[in-house]
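Scroll down for the structure; my scribbles are underneath it.
We use all heavy atoms of the structure for the numbers below, so side chains are in, but hydrogens, waters and symmetry mates are not. Order of the sequence lines fixes the chain letters, A, B, ..., with proteins taken first and strands second; residue numbering starts at 1 for each chain.
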2 protein chains.
Amino acid sequence: MEKKNPDLCKVDNTLHILIGKWKPLIIMHLMFGGTKRFSDLQRALTGITTKTLTTQLRELEEQEIILRVVYPVVPPRVEYSITEYGMTLQPVLHLMHEWGNAHLERQLNKDQSTFNNNQ
Amino acid sequence: MEKKNPDLCKVDNTLHILIGKWKPLIIMHLMFGGTKRFSDLQRALTGITTKTLTTQLRELEEQEIILRVVYPVVPPRVEYSITEYGMTLQPVLHLMHEWGNAHLERQLNKDQSTFNNNQ
DNA sequence: CCTATAAGTATCTTTTAAGATACTTTATAT
DNA sequence: ATATAAAGTATCTTAAAAGATACTTATAGG
């Protein structure tokens, strides 16, 4: 780890891509579910507003994690897909998923033992 | 990936621990630099306020990522260290560091070629 | 001519994180 | 008696992210 310049904590570069209430979910959907239309995503992400979905998609597009393709028809048809570059996040997300899962179980166990101790 | 219940995106569990402007840095410092006092950390994290440092440390402590030990002396002495559990984040942070580094270089190359194209 | 449709915009409000600044505590050394 | 030190609290302000709600656009189909 760089001791001299702590700004060189590159973890933040990755976090920057992933931070956003719905971004991991969006990425996972496109990564494992393939190309999706705007309305498909909105249906999949229960509770998201159109404004928020638009923002998150545009940011991911700007980072070249996803691709946005507009078909010039009426009513509009817009398709989102993961890019090749976006796919490079897969091992990272996988490990985060694993750790997050273990973390969740750990917390459930903790609650469990608290519960037992209170008996 | 769970298709039925998208709330089961466990990546968010990991993100939840890591989100916080200074948290990755704090974790890295304790993980690789060993036990540190409050003032050591404040010196290391240039620009952080006491209030923010306190908040971030307390949150990490609550998640059992770090340990806070108070020595009952005056003036106070408080030491922070990474827990064994906190150490389990190391592979995750390592991968995020790697990806983030590659991402940074990619962006630098992009800027470079934009620069060249404008000649 | 009216309506429905998909993918958004435009505003406004709420929530949360972080920063700025001043204050507190208490045994010890002067 | 007073000043000092370390590790904080207490308030207030600012900024950024997300939510609620209403509106827009352009054409094909009835």
TODO: Give the rounded distance in Å between these two atoms: NZ of A/K51 and C1' of C/dG8.
DONE: 13 Å
Task: Pair B/E59 + B/K23, salt bridge at N-O below 4.0 Å - done: yes
Task: Side-chain donor-acceptor pair present, A/T55, A/T52, cut-off under 3.5 Å - done: no
Open item on the list: I want to check one thing: is the phosphate of C/dA18, taken as OP1 and OP2, less than 4.0 Å away from some side-chain N or O of B/Q56?
Closed with: yes
TODO: Can you measure from CD (B/E64) to CD1 (B/I17) and round to the nearest 0.5 angstrom?
DONE: 10.0 Å
- [ ] Measure the distance from CG on B/L53 to P on C/dA17 and round it to the nearest whole Å.
- [x] 16 Å
- [ ] Determine yes or no for a side-chain-to-main-chain donor-acceptor pair under 3.5 angstrom, with A/E79 supplying the side chain and A/V69 the backbone.
- [x] no
TODO: Using a heavy-atom cut-off of under 4.0 Å over every strand shown, decide if B/G47 touches base, sugar-phosphate, or nothing.
DONE: nothing
Open item on the list: How long is the straight-line distance from CD1 of A/I66 back to CE of A/M31, given to the nearest 0.5 Å?
Closed with: 11.5 Å
Open item on the list: Once you apply a heavy-atom cut-off of 4.0 Å, does A/E59 come out as touching a base, just sugar-phosphate, or nothing?
Closed with: nothing
Task: side-chain contact (heavy atoms from CB on, under 4.5 Å) between B/L53 and B/F38, intermediate numbers included - done: CA-CA 8 Å; B/L53 180 53; B/F38 187 88; 3.7 Å; yes
TODO: Measure from NZ or CZ of B/R106 to the centre of the six-membered ring of A/Y85 and say whether it is under 6.0 Å with the direction within 45° of the ring axis.
DONE: yes
- [ ] Check the pair B/T35 / B/D40 against side-chain contact (heavy atoms from CB on, under 4.5 Å), numbers first and verdict last.
- [x] CA-CA 10 Å; B/T35 300; B/D40 293 333; over 6 Å; no
- [ ] Measure from CZ on A/R43 to C1' on C/dG8 and round the result to the nearest Å.
- [x] 15 Å
Task: DNA chain D: 5'-most and 3'-most nucleotides touching chain B, 4.0 angstrom heavy-atom criterion - done: D/dA5 to D/dT11
N/O to N/O distances under 3.5 Å, protein versus nucleotides 3-7 of chain C:
residue	atom	partner	partner atom	Å
C/dA6	O3'	A/R37	NH2	2.8
C/dA6	O3'	A/P76	O	2.9
C/dA7	OP1	A/R37	NE	2.9
C/dA7	OP1	A/R37	NH2	3.1
C/dA7	OP1	A/V78	N	3.2
C/dA7	OP2	A/S39	N	3.0
C/dA7	OP2	A/S39	OG	2.6

